[in-house]
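Inspection log for the structure reproduced underneath, given as structure tokens.
The residues of the chain are indexed from 1 along the displayed sequence.
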Amino acid sequence: VQSVEHLHELANRMESERRTVFAIDCEYEGNTPRDGWLSTVQFSWAPQKAAVIPLRDEFGQVDFQGGLEQATRVLERIFRGNHKRIVGHYFNADLFWLKSMGLDFLQDQFEPPQDDDDPDGVNRFFAWQKTAWEGGFDTMLAAHAHEETSDFGLKDLALKHTTLPNYEVPLDEWRKSESARLKCSV
């Protein structure tokens with residue numbers, strides 16, 4: 001999704017399909033927004049359904065057609081809402097960058113729920129019960145809760161819990177073939 005027009009089309013689709021759960025990931029350059037930049041925002045709303053929004057190029061120059069302010073407005077339209085849930089992997093790191101973009105509301109949506117007044121676990125719920133339908137969900141924290149001595153990298157968990165192949169194998173093969181091709185052409 002490289003333009004504000006296409007992002008608006010996607011926002012319209014999310015609204016018409018009544019999407020409420022978004023798995024968000026970011027790519028960034030640098031350690032902080034002061035010494036770097038947010039390159040892309042990716043999000044998924046269903047299995048095998050995702051969008052990538054390239055915001056800046058490899059030099060930090062704005063690449064999104066329509067500008068960052070427009071991208072922020074439309075992303076807010078997609079993600080904001082009390083009934084919407086945010087999922088991420090070590091999301092606090094991405095949240096730092098998303099907030100620098102002006103998407104501060106995501107922190108409130110990602111916060112864990114609170115106990116109901118005088119919870120009984122049946123009609124008035126404990127916070128832990130409400131995590132099934134409220135607040136954000138961090139896959140890394142969930143993996144730690146499940147098996148605290150495991151590897152928690154996204155790739156490690158994807159290989160362990162899905163049927164996805166290791167993307168690095170074909171990537172390494174391509175790199176080797178490109179390197180050999182370039183050496184032959186010199």
Side-chain angles (χ1 to χ4, degrees), residues 1-2 7 10 14 17 19-60 63-64 71 75 78-79 84-101 103-113 126-182:
V1 179
Q2 297 181 337
L7 192 54
L10 184 58
M14 298 298 97
E17 293 179 7
R19 297 296 179 177
T20 59
V21 178
F22 299 98
I24 303 173
D25 184 38
C26 297
E27 303 304 325
Y28 42 86
E29 183 67 36
N31 294 317
T32 71
R34 289 184 186 167
D35 69 4
W37 59 85
L38 181 58
S39 300
T40 64
V41 175
Q42 303 83 237
F43 67 94
S44 176
W45 58 90
Q48 299 183 349
K49 302 290 181 189
V52 177
I53 297 95
L55 302 171
R56 295 179 182 268
D57 65 18
E58 65 272 21
F59 305 107
D63 204 24
F64 185 76
L75 288 171
I78 293 169
F79 300 143
K84 294 182 180 179
R85 292 197 75 191
I86 305 302
V87 176
H89 188 79
Y90 189 53
F91 189 68
N92 280 338
D94 290 337
L95 183 59
F96 182 63
W97 291 89
L98 291 163
K99 286 172 62 175
S100 78
M101 184 180 176
L103 299 172
D104 301 58
F105 68 90
L106 287 170
Q107 181 165 350
D108 292 335
Q109 282 181 226
F110 197 70
E111 290 292 322
F126 292 97
W128 68 265
Q129 291 174 297
K130 293 164 62 175
T131 60
W133 65 86
E134 280 184 29
F137 186 83
D138 193 306
T139 55
M140 188 184 79
L141 295 177
H144 182 269
H146 174 70
E147 186 181 353
E148 62 186 41
T149 60
S150 182
D151 291 324
F152 303 117
L154 188 55
K155 183 182 82 172
D156 297 320
L157 293 172
L159 291 171
K160 184 175 181 177
H161 296 289
T162 73
T163 59
L164 293 173
N166 184 343
Y167 67 87
E168 286 184 343
V169 172
L171 180 60
D172 287 343
E173 289 171 3
W174 176 82
R175 283 182 181 144
K176 287 176 189 173
S177 69
E178 279 298 295
S179 177
R181 184 181 68 78
L182 292 173

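- Among all heavy-atom pairs drawn from Pro33 and Ser100, the shortest one is CG-CB, 3.4 Å.
- A donor-acceptor pair is defined here as one N or O able to donate and one able to accept, closer than 3.5 Å; such a pair exists between the side chain of Thr162 and the backbone of Ala158.
- Atoms CG and NZ, on Leu103 and Lys99 in that order, are 11.0 Å from each other to the nearest 0.5 Å.
- Side-chain contact check for Val87 versus Val21: some heavy-atom pair is nearer than 4.5 Å.
- Side-chain atoms of Ser44 and Gln42 include no donor-acceptor pair closer than 3.5 Å.
- Closest of all the heavy-atom pairs between Ala142 and Phe137 is CB-CZ, 3.4 Å.
- Tested against His89 for a side chain to side chain donor-acceptor pair (under 3.5 Å), the candidates Asp94, Asp25, Asp138, Thr139 yield a single pass: Thr139.
- Taking the six-membered ring where the residue is Trp, the centroids of Phe79 and Phe43 are separated by under 6.0 Å.
- Looking at heavy atoms from C-beta onward, Lys155 lies in side-chain contact with Leu159 at the 4.5 angstrom threshold.
- Ion pairing between Glu178 and Arg175 fails under the 4.0 Å rule for side-chain N and carboxylate O.
- From Met14, atom CE reaches atom OG1 of Thr20 across 11.0 Å, with rounding to the nearest 0.5 Å.
- Distance check: Leu171 CG to Lys176 NZ gives 11.0 Å after rounding to the nearest 0.5 Å.
- Within a 6.0 Å radius of CZ in Phe152, other residues, nucleotides and ligands contribute more than 12 heavy atoms.
- When all heavy atoms of Asn31 and Asp35 are compared, the pair lying nearest together is N-OD1, 3.0 Å.
- The CD atom of Glu173 sits 12.0 Å away from atom CD of Glu168, with the distance rounded to the nearest 0.5 Å.
- Residues meeting the salt bridge (Lys or Arg N to Asp or Glu O under 4.0 Å) test with Glu27, sequence neighbours left out: none.
- Taking the centre of each ring, Trp97 and Tyr28 come in below the 6.0 Å mark.
- Under the side-chain hydrogen bond (donor to acceptor under 3.5 Å, both in side chains) criterion, Thr131 pairs with no residue at all, not counting sequence neighbours.
- Inter-residue side-chain proximity for Leu75 and Met101 is flagged as met; some heavy-atom pair is nearer than 4.5 Å.
- Counting heavy atoms from C-beta on, the side chains of Cys26 and Thr40 never come closer than 4.5 Å.
- At a cut-off of 3.5 Å, with distance as the only test, no side-chain donor of Gln109 or Lys84 sits close to an acceptor on the other residue.
- Heavy atoms from other residues, nucleotides or ligands lying under 6.0 Å from CD of Glu17 number more than 12.
- Annotation for Leu7 and Phe64: closest pair CD2-CZ, 3.9 Å, computed over non-hydrogen atoms.
- Phe110 places none of its side-chain heavy atoms less than 4.5 Å from the side chain of Ile24.
- To the nearest 0.5 angstrom, Asp104 atom CG is 8.5 Å from Leu106 atom CG.
- Thr32 has its side chain within reach of Phe96: a pair of non-hydrogen atoms, C-beta onward, lies under 4.5 Å apart.
- Val52 is not listed as a side-chain neighbour of Val1, based on a closest heavy-atom distance of 4.5 Å or more.
- Open room surrounds CD on Glu148; 12 or fewer heavy atoms of other groups in view lie less than 6.0 Å from it.
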(request) Determine, stepwise, if the pair Trp45 / Leu10 fulfils side-chain contact (heavy atoms from CB on, under 4.5 Å). (result) CA-CA 11 Å; Trp45 58 90; Leu10 184 58; 3.8 Å; yes
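- Between Arg85 and Gly136, the shortest heavy-atom distance links the atoms NH2-O, 3.7 Å.
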